[in-house]
Amino acid sequence: MRFVTWLLTYAAGLAVAAQLLDGIWFDGASSGQAELEAKIVPLLLVALILGLVSTFIEPVLKLISLPFIILTLGLLLLVINAVTLMLTAALADAFDLGFHVDGFWNALVGALIITIVGWGARLVLPSGD
């Protein structure tokens, strides 16, 4: 159950970021039932990739850059989150999932949106403990 909640939280964040930003999008239909049917599986697969990248690669990036994170009072974490989202887009492109992030600034704002949506979802959803 925790895995499903984790996956749906990332998927919700990605969906909101794709809706709000022109620089983050999924290929396919752009409205109605056709959009939902064409994008639900890629959305869940990209959420899975983002979760795996966040679980395995992001901690290594944080450990390597720890002195700079301290020096910038944590602002470098925003850059690391943006790089994580850009890496997710590159992996999704390699698997031909049709997810795109256009540039660093879109990745930065998108990472903020995904973080805020995930935080809000964790507040609303019951704890698995």
Do Leu91 and Val46 have side-chain heavy atoms sitting under 4.5 Å apart? no
In a check of side-chain contact (heavy atoms from CB on, under 4.5 Å) between Leu50 and each of Leu7, Thr84, Thr55, which one passes? Thr84
Identify the heavy atoms of Ala11 and Ala47 that sit nearest to each other, and give their distance. N-CB, 3.6 Å
Do the side chains of Leu52 and Leu14 join up, straight or via other hydrophobic residues, at under 4.5 Å, putting them in one cluster? yes
Between Val53 and Val60, is there a shared hydrophobic cluster once you connect ILVMFWY residues whose side-chain heavy atoms come closer than 4.5 Å? no
What orientation do Phe3 and Trp6 show, parallel under 30°, tilted 30 to 60°, or perpendicular over 60°? tilted
Acceptor/donor pairs from residues 70-80 side chains to any protein atom, 3.5 angstrom cut, sequence neighbours excluded:
residue : atom : partner : partner atom : Å
Thr72   : OG1  : Phe68   : O            : 2.9
Thr72   : OG1  : Ile69   : O            : 3.3
Thr72   : OG1  : Leu76   : N            : 3.2

Donor-acceptor pairs are to be reported for all side-chain atoms of residues 94-114 against protein atoms at under 3.5 Å, with residues two or more places apart or in another chain.
residue : atom : partner : partner atom : Å
His100  : NE2  : Asp27   : OD1          : 3.1
His100  : NE2  : Asp27   : OD2          : 3.0
Asn106  : ND2  : Asp102  : O            : 2.6

Hphob cluster co-occupancy, Val41 + Trp25, side-chain heavy atoms under 4.5 angstrom: no
Rounding to 0.5 Å, atoms CE (Met86) and OG1 (Thr88) come to a distance of 11.0 Å
As a quick check of understanding, evaluate side chain to side chain contact (heavy atoms under 4.5 Å, CB included) for Val117 and Thr9, giving each step before the final call. CA-CA 8 Å; Val117 169; Thr9 301; 6.0 Å; no
Is it true that Leu45 and Phe56 fall in one hydrophobic cluster, defined by side-chain heavy atoms closer than 4.5 Å? yes
When you look at Asn81 and Leu85, which way does the side chain to side chain contact (heavy atoms under 4.5 Å, CB included) test go after all the steps? CA-CA 6 Å; Asn81 287 342; Leu85 186 58; over 6 Å; no
Given the rule that I, L, V, M, F, W and Y join up when any side-chain heavy atoms are under 4.5 Å apart, are Ile49 and Leu8 in one cluster? yes
